[in-house]
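We name chains A, B, ... by the order of the sequence lines, and we start the count at 1 in each one. Bear in mind the structure is a predicted one, so any value in this text is a computation, not a measurement.
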Number of protein chains: 2
Amino acid sequence: MAKSNNNDYDIGLEIAFASSAYRAAGLKTLKAHGQDDITREQYGILVLLSLGDGLYQTQIANILGKDRPNITRMIDILETKGLIRREKDTDNRRILKVFLTETGRKKAEKVKPLKERMNKAQCKDLSDEDIEILVTLLRKVRKNIAEEYKIEI
Amino acid sequence: MAKSNNNDYDIGLEIAFASSAYRAAGLKTLKAHGQDDITREQYGILVLLSLGDGLYQTQIANILGKDRPNITRMIDILETKGLIRREKDTDNRRILKVFLTETGRKKAEKVKPLKERMNKAQCKDLSDEDIEILVTLLRKVRKNIAEEYKIEI
DNA sequence: TAATAATTGTTATTATGATAACAGTTTTGA
DNA sequence: TCAAAACTGTTATCATAATAACAATTATTA
């Protein structure tokens, strides 16, 4: 039963399912380690800031692929929780730079090994070559979609 | 600059980005074709029903990988819009079977070519073999995550 | 220089995602 | 048989996703 053509697969659906499972695992492992006082998305911001502090909100939005209104709200929550702080830029008064507090930095450090374990588990029976191929193909389909539909990536 | 190990890539992130681009393209093409009076997720339900009518809500939830409360809410909206109807099962009074109305069926038919075009665009420079490999690897990482974190898939 | 456009962050609204708790119904098992 | 467990759908709550509109500020350019 040879495959006649590409239409036998819905690649978008395959990617969505893989993404969904990864997401569910992230939620579960955060909860399992008592780290669900903040959410997966909020951790994304903390981890990003732990790599490079002092970003402004639009930069965070672009890097994480989220809208500015959502970043505003999440930063609000994180600020309320004392994990980040905003600081006005002196040169450009439109800009608010975002920094981790010490509490926030510790929080980010806690979640990193959980994420590393997830990555390892996900690739456990894949060779380095498999991984190279998977990443290459994922980036290709992403580029194709982005070009065809003029999506910013 | 040879790669030392798997840790050079964040596969979860690669998948999430690909998924996000596909999602954004879906939203954009629905809007471009004047089909944004209902959402991408709501279309998912219509298309599923167009393949096999009379599913009950838990089945829809399982197939689409969504929670039952969300399905309840979306079915409410689709019912209000006259695109689906609920029907009580005579054998098991807990069950509500869901059917497309004629309007709903037409709506589902409209979106199908848009989705097919997206799939074609996404794979435009991939060989049939590439696609086979991509699907195989995606299913592997999904299975790995699901097993390690005991996620239902 | 002054009008115009673009940028940054905010507020508001609708829909979806995840979770907990619930009522009604059916199945299971002592 | 009958009490306990499981199933189906619902309601409620909080967080995120997507979009539109807005004020304040900065950059552009006529």
Side-chain angles (χ1 to χ4, degrees), chain A residues 16-17 19-32 36-45 55-62 64-81 84 86-98 149 151-152, chain B residues 16-17 19-32 36-45 54-62 64-81 83-84 86-98 149 151-152:
Chain A
F17 279 158
S19 177
S20 171
Y22 188 81
R23 177 182 182 77
L27 288 169
K28 199 162 184 175
T29 197
L30 281 179
K31 177 173 269 189
D36 58 337
D37 53 340
I38 64 176
T39 67
R40 199 174 162 280
E41 281 73 16
Q42 290 166 20
Y43 267 120
I45 293 180
L55 297 173
Y56 53 96
Q57 298 190 187
T58 297
Q59 289 180 311
I60 296 174
N62 290 338
L64 297 181
K66 299 185 185 300
D67 301 292
R68 277 173 305 158
N70 290 320
I71 295 297
T72 292
R73 191 180 35 216
M74 286 192 275
I75 296 289
D76 284 345
I77 295 172
L78 291 172
E79 196 171 37
T80 302
K81 290 179 177 170
I84 64 101
R86 287 173 164 109
E87 196 171 293
K88 283 212 169 185
D89 189 285
T90 48
D91 293 336
N92 188 336
R93 284 178 297 168
R94 289 173 300 185
I95 291 177
L96 292 173
K97 288 194 171 180
V98 183
Y149 291 91
I151 306 291
E152 300 285 340
Chain B
F17 279 158
S19 178
S20 170
Y22 188 81
R23 176 180 182 80
L27 289 170
K28 198 162 184 177
T29 196
L30 281 177
K31 177 173 267 191
D36 58 337
D37 53 341
I38 64 176
T39 67
R40 198 175 162 278
E41 280 74 17
Q42 289 167 20
Y43 267 121
I45 294 181
L55 298 172
Y56 53 97
Q57 298 189 186
T58 297
Q59 289 181 309
I60 296 174
N62 290 338
L64 297 181
K66 299 182 187 300
D67 301 292
R68 277 174 304 159
N70 290 319
I71 296 297
T72 293
R73 196 171 35 202
M74 286 192 274
I75 296 288
D76 283 346
I77 295 173
L78 291 172
E79 195 170 38
T80 301
K81 291 179 177 171
L83 299 171
I84 63 99
R86 287 174 164 108
E87 196 172 292
K88 283 213 170 184
D89 188 286
T90 47
D91 293 336
N92 188 336
R93 284 178 297 170
R94 288 174 300 188
I95 292 176
L96 291 173
K97 287 193 172 179
V98 183
Y149 292 91
I151 306 292
E152 300 284 340

Give Thr39(A) one of three labels, base, sugar-phosphate or nothing, depending on what nucleic acid heavy atoms sit under 4.0 Å from its own. sugar-phosphate
Salt bridge Arg73(A)-Asp67(A), side-chain N to carboxylate O under 4.0 Å: no
Applying a 4.0 Å non-hydrogen cut-off, can you work out what Ile77(B) is touching in the nucleic acid: base, sugar-phosphate, or nothing? sugar-phosphate
Start and end of the DNA chain C segment that chain B contacts, any atom under 4.0 Å from a heavy atom: dA15(C) to dT26(C)
Tell me what Arg40(A) touches on the nucleic acid: a base, only sugar-phosphate, or nothing, going by heavy atoms under 4.0 Å. nothing
Under 3.5 Å: donor-acceptor pair, side chain of Lys81(A), backbone of Ile38(A): no
Assign each of Arg93(B) and Ala24(A) to its nearest nucleotide of DNA chain C by heavy atoms, then name whichever residue's nucleotide is nearer the 5' end. Ala24(A)
Residues which pass salt bridge (Lys or Arg N to Asp or Glu O under 4.0 Å) with Lys97(A), listed by chain and number, not counting sequence neighbours: Asp89(A)
Which part of the nucleic acid, if any, lies within reach of Arg23(B) when heavy atoms closer than 4.0 Å are counted: base, sugar-phosphate only, or nothing? sugar-phosphate
Which heavy-atom pair separates Arg40(A) from Tyr22(A) by the least distance, and what is that distance? NH2-CD2, 3.8 Å
Sugar-phosphate, base or nothing in reach of Ile71(B), heavy atoms under 4.0 Å: nothing
Would you mind telling me which of Asn70(B), Asp76(B), Ile75(B) makes a side chain to side chain contact (heavy atoms under 4.5 Å, CB included) with Thr72(B)? Asp76(B)
If you assign Leu96(A) and Lys28(A) each to the DNA chain C nucleotide with the nearest heavy atom, which residue ends up on the more 5' nucleotide? Leu96(A)
Lys31(A) side chain reached by Leu27(A) side chain, heavy atoms, under 4.5 Å: no
Does the pair Leu96(B) and Lys88(B) meet the rule for a side-chain contact (heavy atoms from CB on, under 4.5 Å), with working shown? CA-CA 5 Å; Leu96(B) 291 173; Lys88(B) 283 213 170 184; 3.6 Å; yes
Reckon Lys31(B) touches a base, only the sugar-phosphate, or nothing at all at heavy-atom distances under 4.0 Å? sugar-phosphate
Considering every strand and a 4.0 Å limit on heavy-atom distances, what is the contact class for Thr72(A): base, sugar-phosphate, or nothing? base
Between Met74(B) and Ile71(B), is there a side-chain heavy-atom distance shorter than 4.5 Å? yes
Interface limits on DNA chain D, where chain A has a heavy atom under 4.0 Å of a nucleotide atom: dA15(D) to dT26(D)
Taking any heavy-atom pair under 4.0 Å as a contact, classify Asn92(B): base, sugar-phosphate, or nothing. sugar-phosphate
Look at the side chain of Ser20(B) and the backbone N and O of Ala16(B), then say whether any donor-acceptor pair between them is shorter than 3.5 Å. no
